[in-house]
Amino acid sequence: MYETKARHPLSPPTPDPLPQTVYESMWSMFLAIGEMWLLKDDPQPYRLRFRTFLENRIALHPLYAGYYLSTALLIDDLTAQADADAAWQLIFFNRNPLNLEFNPSLLEAVQTHVADEFIARRVALGSFADFGAEAYQGYMAAGANLRNEPPHYRKAEGLK
Amino acid sequence: MKVDTLIIGSGVVATALTKRLLEHKPNMTILILEAGQRYKTKDFGIWENFQVTGDYPYPQMFDLPYPERDKPGENRLVGEGAQIPTAFTLNGGRALAYGGSTNIWGGWTFRRKPEDFYLKTLTGHALDWPFDYDTLEPYYCQAEDYLAVSGDSKVQDPPRSKPYPFHEFPYSYVDQPVGKAMAKLGISYDHLPIARRGVSAIPSKHAPCQVTGTCDYCPFGARFVAADYMDDLRKWHDYPNLEIRLGVVVMSIRMATKRRAAGVVCRDTATGDQYTIDADRVIVAAGTFESPKLLLRSRSREWPNGVGNDSDNVGRYLITHPYMIYAGSLPENPDKMQWELNFPTLVSRYFDTPKEQAKGKFVLVNAPNIEAQSIAQMMQAGYSNAKINRVITGAVPISLHGMVEIFGQYENRVTNLDKTNHFGMPESVIHFTPDRAALERIQEIGKVVKRIFEQMGGTYADGNPSVNSWRCDHAASTCRMSKDPKDGVVDGDLRVHGTDNLYLCGNAVYPNLGSINPTDTVTALAFRLGDHLNAAG
């Protein structure tokens with residue numbers, strides 16, 4: 001349910017609304033999922049729904065504004081230290097962040113509340129098709145179960 | 001305050017019954033009292049949260065788990081069943097909220113079969129129902145229209161006089177090996193009827209299923225939730241005297257005389273205020289646990305053991321389904337078979353027949369097993385594209401889920417605990433000792449599943465089955481119907497024995513459960529009760 005008052009006392013102050021640069025940074029992370037996993041679907045049609053997703057997350061849990069702001073800062077820092085590819089490798093594939101020189105809880109929060117959720121959203125928006133399926137939990141473009149129309153999932157053949 | 005009809009509980013029974021009563025008499029004063037609160041349905045932000053986190057959206061509706069060391073918890077489970085971790089887990093097993101447990105149900109909508117109404121005659125177990133399948137059949141049709149069921153109307157076992165309102169979902173790809181194996185073994189199967197609204201020429205305020213596979217929180221309201229349909233009655237109809245109060249716990253039923261209910265004593269959980277409401281008739285529709293507890297609490301000089309409890313049947317004969325998961329695996333998956341649709345489309349009722357009735361009928365369902373192949377979870381774990389493809393095409397887990405009929409025992413019961421839960425309701429004591437024969441039956445069913453898995457070219461896992469839960473949402477029989485008052489709590493019209501204007505409707509009135517989900521039947525009973533009350537005036 002919606003948390004209308006929640007804001008952690010240790011959260012950094014977050015501008016309302018978030019600057020456009022934060023949304024751009026989140027979009028770059030969303031695009032990077034496709035690059036990191038060699039996904040073949042075109043993400044551009046997802047852009048509007050992705051923006052709405054971010055806004056809905058903040059509306060449901062106000063802490064997400066802080067997560068997104070912190071993530072944008074982390075991406076900037078990591079990119080400045082090495083390059084964007086190294087930043088994505090760290091965020092998406094380093095699941096043992098205790099060996100880092102900086103505060104591991106920040107990376108864990110980014111992975112849990114931002115990266116993992118973006119992955120789940122990206123797969124459900126259509127990337128699942130790269131792995132052989134025609135539908136997936138959360139896929140919205142399927143449509144209704146209409147008689148005389150093929151189903152929007154792979155159908156069994158040869159059953160009565 | 002005085003009302004014509006007072007209904008305790010706001011689940012599917014209350015909703016269907018209210019609809020039927022108000023269609024007949026739109027100005028009737030109906031007050032519905034619900035102990036829980038309202039939760040938002042059809043909200044896109046909540047749906048997205050569920051989709052990306054997997055967090056179940058309903059924890060606020062649930063009882064706390066049973067007490068453990070250092071955790072006070074709620075309710076008590078006693079008897080040998082207390083040693084079974086999944087026995088009658090109220091936490092997560094029922095929803096205490098506006099709309100009741102339809103907030104969390106899966107929507108499987110099976111009819112009972114004709115022989116299920118004659119269990120006593122045919123097997124010696126439990127009781128016969130006071131009426132037969134043919135009596136309930138027209139109400140099943142109404143229930144399926146109301147619940148918006150998609151099903152295969154060609155299936156005539158049990159017989160049906162009207163088609164389902166929406167056609168069946170085609171079998172999904174994961175049904176292919178199961179269905180073929182069953183066919184080779186001579187085990188019949190059918191499309192699973194499920195409450196997912198489809199498309200028809202009949203106008204509806206409710207959207208059709210878009211097969212998002214996120215049915216635990218449908219973003220469109222295509223899965224029936226009673227709260228949405230109660231909202232319809234409030235918003236879209238001219239029923240000026242319909243009122244619903246949330247956060248109100250009914251403490252007891254007040255009897256004016258031995259036979260006549262005067263109303264209830266209730267408590268507002270927000271203010272703590274206790275007050276009385278008068279009613280011409282009282283309908284208890286509070287579920288299998290709360291309904292008998294309320295009768296037991298309603299003691300008076302005329303009813304010293306609780307209303308309707310002169311024969312000591314209230315709360316007894318508690319039954320449910322153990323929900324079994326039989327697991328196995330196929331050695332490879334070259335076609336990348338996956339759970340693309342997160343609800344089942346294939347059921348076998350081959351063993352739901354008179355021949356199996358004495359030992360316990362059962363059904364087998366090819367039900368979703370999505371986590372094992374979740375692409376998102378593999379990516380989140382850092383698997384590469386190539387590794388994910390190797391996992392998907394490699395050995396694949398398979399499972400069949402089963403439900404078996406359990407026979408009621410006098411000692412298994414629910415009673416009140418002198419303690420209040422976080423909803424402000426009296427807690428429950430559930431006395432449960434499983435029948436040894438039932439536990440043996442669960443193992444015996446495994447032999448059937450093993451044959452199916454082997455016919456599929458797969459293997460049957462050691463340690464099968466896991467009993468996922470002894471389901472609280474299928475719990476039944478605690479106020480069973482009987483012709484003779486000494487055998488049960490309500491008569492065939494669902495009136496509490498020995499009373500004139502006190503009724504009870506819910507799974508609690510089932511003399512037996514059969515092997516299938518109870519909601520289609522309870523909705524049919526609610527419509528039948530509505531007709532009875534309308535005829536009574």
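In the text below, chain A, chain B and the rest are named by the order of the sequence lines, each starting its count at 1. What you see is a predicted model, and the numbers here were worked out from it, not measured in a lab.
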Enclosure of B:Lys205 NZ (heavy-atom neighbours >12, cutoff 6.0 Å): yes
Residues, nucleotides or ligands: over 12 heavy atoms within 6.0 Å of B:Tyr350 OH: no
Flag side-chain contact, heavy atom, 4.5 Å: B:Pro170 against A:Tyr153: yes
Looking only at heavy atoms, what is the nearest atom pair of [X] and [Y], with distance?
X        : Y        : result
B:Gln380 : A:Ala120 : NE2-CB, 3.9 Å
B:His167 : A:Asn145 : NE2-O, 3.2 Å
B:Phe220 : A:Met140 : CZ-SD, 3.4 Å
A:Trp37  : B:Tyr383 : NE1-O, 2.6 Å
A:Gln137 : B:Thr214 : C-CG2, 4.1 Å
B:Gln51  : A:Ala124 : NE2-CB, 3.2 Å

Roughly how far, to the nearest 0.5 Å, is [atom2] of [Y] from [atom1] of [X]?
X        : Y        : atom1 : atom2 : result
B:Glu48  : A:Arg121 : CD    : CZ    : 5.0 Å
A:Glu134 : B:Leu341 : CD    : CG    : 12.0 Å
B:Trp339 : A:Tyr136 : CH2   : OH    : 15.0 Å
A:Phe118 : B:Met379 : CZ    : CE    : 13.0 Å

Chain B contacts, top residue of A:Ile33, A:Asp130, A:Leu38, A:Asn56 (heavy-atom pairs, under 4.5 Å): A:Asn56
Side chain / backbone / both / neither for [X] at chain A, heavy atoms under 4.5 Å:
X        : result
B:Ile375 : both
B:Ser172 : both
B:Pro219 : side chain
B:Asp190 : both

Option that, when pairs with chain A are counted at under 4.5 Å, heavy atom only, ranks first among B:Asp335, B:Ile388, B:Val174, B:Thr393: B:Ile388
Options B:Asp43, B:Asn49, B:Ile392, ranked by heavy-atom pairs under 4.5 Å with chain A, top entry: B:Asn49
Proximal component of A:Phe92, with respect to chain B [non-hydrogen, under 4.5 Å]: backbone
Does [Y] offer a backbone N or O that forms a donor-acceptor pair with the side chain of [X] under 3.5 Å?
X        : Y        : result
B:Glu340 : A:His152 : no
B:Asp175 : A:Ala156 : no
B:Tyr171 : A:Glu157 : no

Side chain to side chain contact (heavy atoms under 4.5 Å, CB included) evaluation trace for B:Val52 with A:Phe53: CA-CA 10 Å; B:Val52 298; A:Phe53 169 73; 3.8 Å; yes
Quiz item: cation-pi between A:Lys160 and B:Tyr189, 6.0 Å / 45°: yes
